[in-house]
Novice: 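Please see the structure below; I have some questions.
Treat the numbers as computed from the prediction; the structure is a model and nothing was measured.
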2 protein chains.
Amino acid sequence: MTTTAIAQVREFNRFYTRILGLLDKEILNSAFSLPEARVLYELHRMQPCSAKEIIQVLEIDKGYLSRILKNFLRKGLIQTQAVRTDTRVTEIRLSAKGKVEFEKLNRASANQIQQLLAPLTDSKIKSVISHMQAIRQLLNNHT
Amino acid sequence: MTTTAIAQVREFNRFYTRILGLLDKEILNSAFSLPEARVLYELHRMQPCSAKEIIQVLEIDKGYLSRILKNFLRKGLIQTQAVRTDTRVTEIRLSAKGKVEFEKLNRASANQIQQLLAPLTDSKIKSVISHMQAIRQLLNNHT
DNA sequence: ACCAAATAGTTGATTTTGTCAACTATTTTA
DNA sequence: TAAAATAGTTGACAAAATCAACTATTTGGT
């Protein structure tokens with residue numbers, strides 16, 4: 001039983017890895033690299049937040065992130081401010097420009113997803129989404 | 001309607017990217033890099049096959065793949081043979097050693113998946129899998 | 001049959017991405 | 001109050017990926 005279950009999950013992983021690859025292509029010819037895009041996305045969703053929080057969510061190296069954020073700061077996409085109660089921590093938030101860039105990226109990625117869903121009828125789209133929600137709920141223990 | 005659909009897909013992508021990242025960790029402390037592991041996996045499933053076929057499935061650069069295969073050959077994991085009717089093409093297949101290595105890797109990855117499913121009851125596992133199959137079927141146009 | 005275009009794969013050069021360890025500056029703990 | 005822990009930075013490096021030029025074939029059109 002579990003053997004076939006594992007094979008099925010593996011097949012899905014293979015399949016969905018491909019889908020994610022397709023969707024990422026759009027991002028790759030934006031102004032951002034994939035890791036930058038992911039950081040921007042998390043900033044948008046978590047801000048204000050510390051570098052550490054991003055590191056935890058994205059499981060990314062802290063040195064690596066530090067450089068990405070330095071770059072974002074240079075481009076004026078984020079603002080940083082030391083936290084009063086613990087000056088080791090810097091609170092990061094998107095600047096107005098950062099928000100604009102995020103929105104651009106987000107629209108591009110929305111287009112990609114739309115193309116993915118385009119061949120489906122509305123009811124099939126609903127169906128896909130409910131399957132996705134179900135999977136999320138079932139596997140959700142895993143951080 | 002589609003707006004929320006897109007947001008839902010995005011959430012799932014985020015979620016499943018994380019899952020895939022977790023599962024990949026196991027592979028990363030094997031003898032293979034992630035791309036090598038993917039090539040090995042495709043070889044196992046498609047052999048005998050040409051480099052081109054792998055390139056198409058994995059959407060990987062041909063120069064990059066060429067090096068990976070060269071490396072596999074050096075390690076004795078694959079055997080190659082020019083195709084009679086078109087000597088530009090080399091038919092690749094796993095050697096006995098290659099099959100053994102694949103099996104090792106495959107077991108490691110199976111363990112990871114098993115851990116993912118471990119907290120679930122059998123009926124929930126069935127449920128996850130049927131949702132996965134449904135998604136695959138619905139999105140399958142997108143090779 | 002012959003030449004141009006296409007194709008499979010290789011190689012070298014380079015860029016991008018990611019890792020690791022050492023370091024500074026704080027804060028926490030015991 | 002000294003030692004350990006934590007947030008983040010930086011430099012050195014390694015791994016992953018891309019790009020273009022190249023060889024050797026095969027195909028297609030005339």
Novice: Looking at residues 42-51 of chain B, who's got a heavy atom less than 4.0 Å off DNA chain C?
Specialist: S50(B), A51(B)
Novice: If you assign L28(A) and K52(A) each to the DNA chain D nucleotide with the nearest heavy atom, which residue ends up on the more 5' nucleotide?
Specialist: K52(A)
Novice: List the residues meeting ring pair (Phe, Tyr, Trp, His ring centres under 6.0 Å) with F12(A), not counting sequence neighbours, and say none if there are none.
Specialist: Y16(A), Y16(B)
Novice: Heavy atoms within less than 4.0 Å of DNA chain C: which residues of residues 61-73 of chain A have one? Give them sorted by number.
Specialist: D61(A), Y64(A), R67(A)
Novice: Pairs in or reaching into residues 37-52 of chain B: which pass salt bridge (Lys or Arg N to Asp or Glu O under 4.0 Å), with residues at least two apart or in two chains?
Specialist: E11(A)-R45(B), R14(A)-E42(B)
Novice: Five pairs per end, C1' atoms only: what is the angle between the end axes of the helix from dA1(C)-dT30(D) to dA30(C)-dT1(D), to 10 degrees?
Specialist: 30°
Novice: Closest heavy-atom contact between A51(A) and I92(A)?
Specialist: N-CD1, 3.6 Å
Novice: Taking any atom under 4.0 angstrom from a heavy atom of chain A, which nucleotides of DNA chain D are the first and last to qualify, 5' to 3'?
Specialist: dA5(D) to dA12(D)
Novice: So which atom in E26(B) and which in A108(B) form the shortest heavy-atom distance, rounded to 0.1 Å?
Specialist: CG-O, 3.6 Å
Novice: Partners of K25(B) by side-chain hydrogen bond (donor to acceptor under 3.5 Å, both in side chains), sequence neighbours excluded?
Specialist: E59(A)
Novice: Going by atom type alone, with no hydrogens or angles, which donor-acceptor pairs under 3.5 Å involve a side-chain atom of residues 62-84 of chain B and a protein atom two or more places apart or on another chain?
Specialist:
residue : atom : partner : partner atom : Å
N71(B)  : OD1  : R74(B)  : NH2          : 2.6
N71(B)  : ND2  : E36(B)  : OE2          : 3.0

Novice: Going by atom type alone, with no hydrogens or angles, which donor-acceptor pairs under 3.5 Å involve a side-chain atom of residues 98-105 of chain A and a protein atom two or more places apart or on another chain?
Specialist:
residue : atom : partner : partner atom : Å
E101(A) : OE2  : K104(A) : NZ           : 3.1

Novice: Would you kindly confirm whether M46(B) and V89(B) end up in one hydrophobic cluster when ILVMFWY residues are joined by side chain heavy atoms under 4.5 Å apart?
Specialist: no
Novice: Rounded off to whole Å, could you give me the CD1-to-C1' distance for the I55(A) and dC20(C) pair?
Specialist: 14 Å
Novice: Report the residue (E59(A) or T87(A)) whose heavy-atom-nearest nucleotide on DNA chain C is the more 5′ of the two.
Specialist: E59(A)
Novice: Report each atom pair, protein N/O against N/O of nucleotides 1-6 of chain C, whose distance is under 3.5 angstrom.
Specialist:
none

Novice: What residues, two or more places apart in sequence or in another chain, satisfy side-chain hydrogen bond (donor to acceptor under 3.5 Å, both in side chains) together with E53(B)?
Specialist: S50(B)
Novice: What pairs with Q112(B) under side-chain hydrogen bond (donor to acceptor under 3.5 Å, both in side chains), at least two apart in sequence or on another chain?
Specialist: none
Novice: Counting C-beta onward and ignoring hydrogens, is there a side-chain heavy-atom pair between L22(B) and L116(B) closer than 4.5 Å?
Specialist: no
